[in-house]
Amino acid sequence: MVDVKNQSCYEYWLDCTDEYGEYYVMQHLGKKYYKSKMLSDIDALAAYMKIELGLKPGDVYTVFMPTTVQSICAFYALNKVGVIVNFVHPLLPPNVLKETMTEVHSKGVMVLDLLIKDYADVINEMNVPCLVCHSSEYASLLKGFGCKLAETAVKKIFPKIKKRDEYSKAVKRFSKANVKPSCNCDDIAVYLNGGGTTGKSKTIKLTSRAINELVCSVSKLGRIHRPGIEAEPIVLPLFHCFGLSVAVHMAMCNAGRLIPIMRFDAKMFNRLVRQNTVVGFVGIPVMFKKIMNEKHFDTKHLKNLRVVYCGGDDAPQSLIDEFNSYLEKYDAEGRLYQGYGLTEVGSVCCTNSNENHKSDTIGVPLENVNMQIWNEEHNEVPNGVIGEIVISGPTIMSGYYTEDGEDDAGLYTDENGVKWVMSGDLGYRDDDGYFHFSGRKKRVIIISGYNVYPSDIEKRTQELDFVKEACCVKGYKDSKQIIRMFVSFSKNGNEEEYKKQIIEMIEKNFSKFSVPREIITLSSLPQTPLMKTDFMRLTQETPDSPIYDEEKEKIKIKDSEKNTQAAS
């Protein structure tokens, strides 16, 4: 891995892999592609964006895609010409896609054909060019045939989109064109959605330098040894910072062979491990659990695993120990360790590793990352004292996106001019220099690796005229994490009908991960001494807990009062 220079992500990838010459860089549905082919397509796509669409450095373009060869190529192509990539979850409702693109003034959108049906009207309303991608475009002839059958069914929708083009045709038209790189390393490279310091969703700005610095630091903990031979399945989406920075960009810069997977499937993943020399995997805890539960997981092929990272949620030590027991069984070089990070710092900023690890900790900061524990007065506290985790260094964000606010909105600048990310999380450092995570100060719920922001859901819910209070917390049902909502109503009515309307509203305005699996009605929600909803208490409660008994008692008292008044 070369040192970070004044380069875009596109240039850094080329610089890091220049010594390896030609090698397989991508694999999709039975077909492998050399670096020269992928570079040719990336350059052609960059030319299309600049010449045909007229995009300029600083413009914004939305990639509304799952993890595919096309979405990876789009990242490098747009980065090459200085266009900010706005990565958006491909399952967002149409009106939310419109809101997101409108907010950042996006000048175009890339969409997978199989997902386009529900978004044609919104894309037309925004009057932006739409680039349609097909799953068959990088597949082998045999496996691509099945994709083409599915594509035939959606092609009738294409005429409904006024400004449309197809990825393969655009790349072919500009296959002989080339444009010079026009991205400064300190320009904004991507917009990603994150939780902010209070749990309210915000758009985070990351530069090429920040992403490259992160990759350079993490790569020192584990590397590819045989370029193009050693493979890494990519199961995290690019709108997930951990997926973009570590799963994709690090693997690309390490000269790995990427196998993008649109939708995670444990059985398919384990098959890829058996059929390829898979040395790396970046996932979220639930993925590791699923692949271990799949019957073909326990095989000798695990011996190849060397670069294994788990993020996006807290990983139980029992999960880590179980996974590592398999790696130890087959004498694998890699181990799964606990770490810590957030989108505002480019994903991971602190982790355990083969060289430095300590049980029940989140590890030590990465090279060039300064991590401290502060009190409310922004002063560092002694070891062992719990405070807020704060981070500074070259990997941190440039700030939150604002229309008219400061460029570094969301960052704290100390008396020495150093900028810090206030994580909103609590922790402490021990005398050995290892950090411990104590809990979330900010309110973010992570469901299957997707960030859910209770404040956003509660605000929308309380706009309904029959809702007085609303609070979303993380719960469990059938051993799975769910969103549990507590509500109180401002008027009498059919509670089941009210709940139905709440669900319909949330489905319309948020991702499927944000939809509550349970809605519990209370006459009023518990409050803290500061008269705020006590979400911590609601998080800890279950239908068998005291709060429900108290609620039943309140109802009994009210019914008794009504009966007394009636008798009078």
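For clarity, every value in this text was computed on a predicted model and none was experimentally measured.
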In the structure I gave you, are the side-chain heavy atoms of Ile116 and Ile161 within less than 4.5 Å of one another anywhere? yes
Can you find a heavy atom in the side chain of Tyr450 that is under 4.5 Å from one in the side chain of His240? no
Qualifying salt bridge (charged side-chain N to carboxylate O under 4.0 Å, His left out) pairs with a residue from residues 461-474, counting only residues at least two apart or across chains: Asp465-Lys491
Under 4.0 Å between a Lys/Arg side-chain N and an Asp/Glu carboxylate O for Arg460 and Glu99? yes
Before you tell me yes or no, could you show the steps for Lys459 and Asp456 under salt bridge (Lys or Arg N to Asp or Glu O under 4.0 Å), namely the whole-Å CA-CA distance, both residues' side-chain angles and the distance that decides it to 0.1 Å? CA-CA 5 Å; Lys459 183 178 179 181; Asp456 293 355; over 6 Å; no
Picking from Phe64, Phe513, Phe510, what satisfies ring pair (Phe, Tyr, Trp, His ring centres under 6.0 Å) with His89? Phe513
Would you check if the distance from the ring center of Phe489 to the ring center of Tyr498 is below 6.0 Å? yes
Would you tabulate the side-chain donor-acceptor contacts of residues 262-269 under 3.5 Å, counting partners in other chains and residues two or more places apart, or write 'none'?
{"residue": "Asp265", "atom": "OD2", "partner": "Lys267", "partner atom": "N", "Å": "3.3"}
{"residue": "Asp265", "atom": "OD2", "partner": "Met268", "partner atom": "N", "Å": "2.8"}

Tell me whether the rings of Trp374 and Trp420 are parallel (<30°), tilted (30 to 60°) or perpendicular (>60°). tilted
Please examine the side chains of Ile457 and Ile506, heavy atoms only from C-beta on, and report whether any two atoms are closer than 4.5 Å. yes
List for me each residue that meets side-chain hydrogen bond (donor to acceptor under 3.5 Å, both in side chains) alongside Asp408, sequence neighbours excluded, and say none if there are none. Lys419
Validation row: Met101, Val88 side chains within 4.5 angstrom (heavy atoms): no
Any Lys163 side-chain heavy atom under 4.5 Å of Val128 side chain: no
Under 3.5 Å, which donor-acceptor pairs link side chains of residues 282-296 to any protein atom two or more places apart or in another chain?
{"residue": "Asn293", "atom": "ND2", "partner": "Lys289", "partner atom": "O", "Å": "3.2"}
{"residue": "Glu294", "atom": "OE1", "partner": "Asn270", "partner atom": "ND2", "Å": "2.9"}
{"residue": "Glu294", "atom": "OE1", "partner": "His296", "partner atom": "N", "Å": "3.1"}

For Glu166, all residues meeting side-chain hydrogen bond (donor to acceptor under 3.5 Å, both in side chains), sequence neighbours excluded: His134, Lys169
Check the orientation of Tyr428 and His436. Use parallel for under 30°, tilted for 30 to 60°, and perpendicular for over 60°. parallel
Should Met371 and Ile362 count as side-chain neighbours, where that means a heavy-atom distance under 4.5 Å? yes
Ile72: partners by side chain to side chain contact (heavy atoms under 4.5 Å, CB included), with sequence neighbours left out: Met26, Tyr76, Leu238, Val248, Leu258, Pro260
Go through it in stages, so that I can follow the logic: the residues are Glu103 and Tyr401, the test is side chain to side chain donor-acceptor pair (under 3.5 Å), and I'd like the CA-CA distance, side-chain angles, deciding distance and then a yes or no. CA-CA 9 Å; Glu103 179 186 13; Tyr401 174 85; over 6 Å; no
Between Arg537 and Pro526, which heavy-atom pair has the shortest distance, and what is it? NH1-CB, 3.9 Å
Strictly below 4.0 Å, N to O, side chains only: are Glu125 and Lys98 in salt-bridge contact? yes
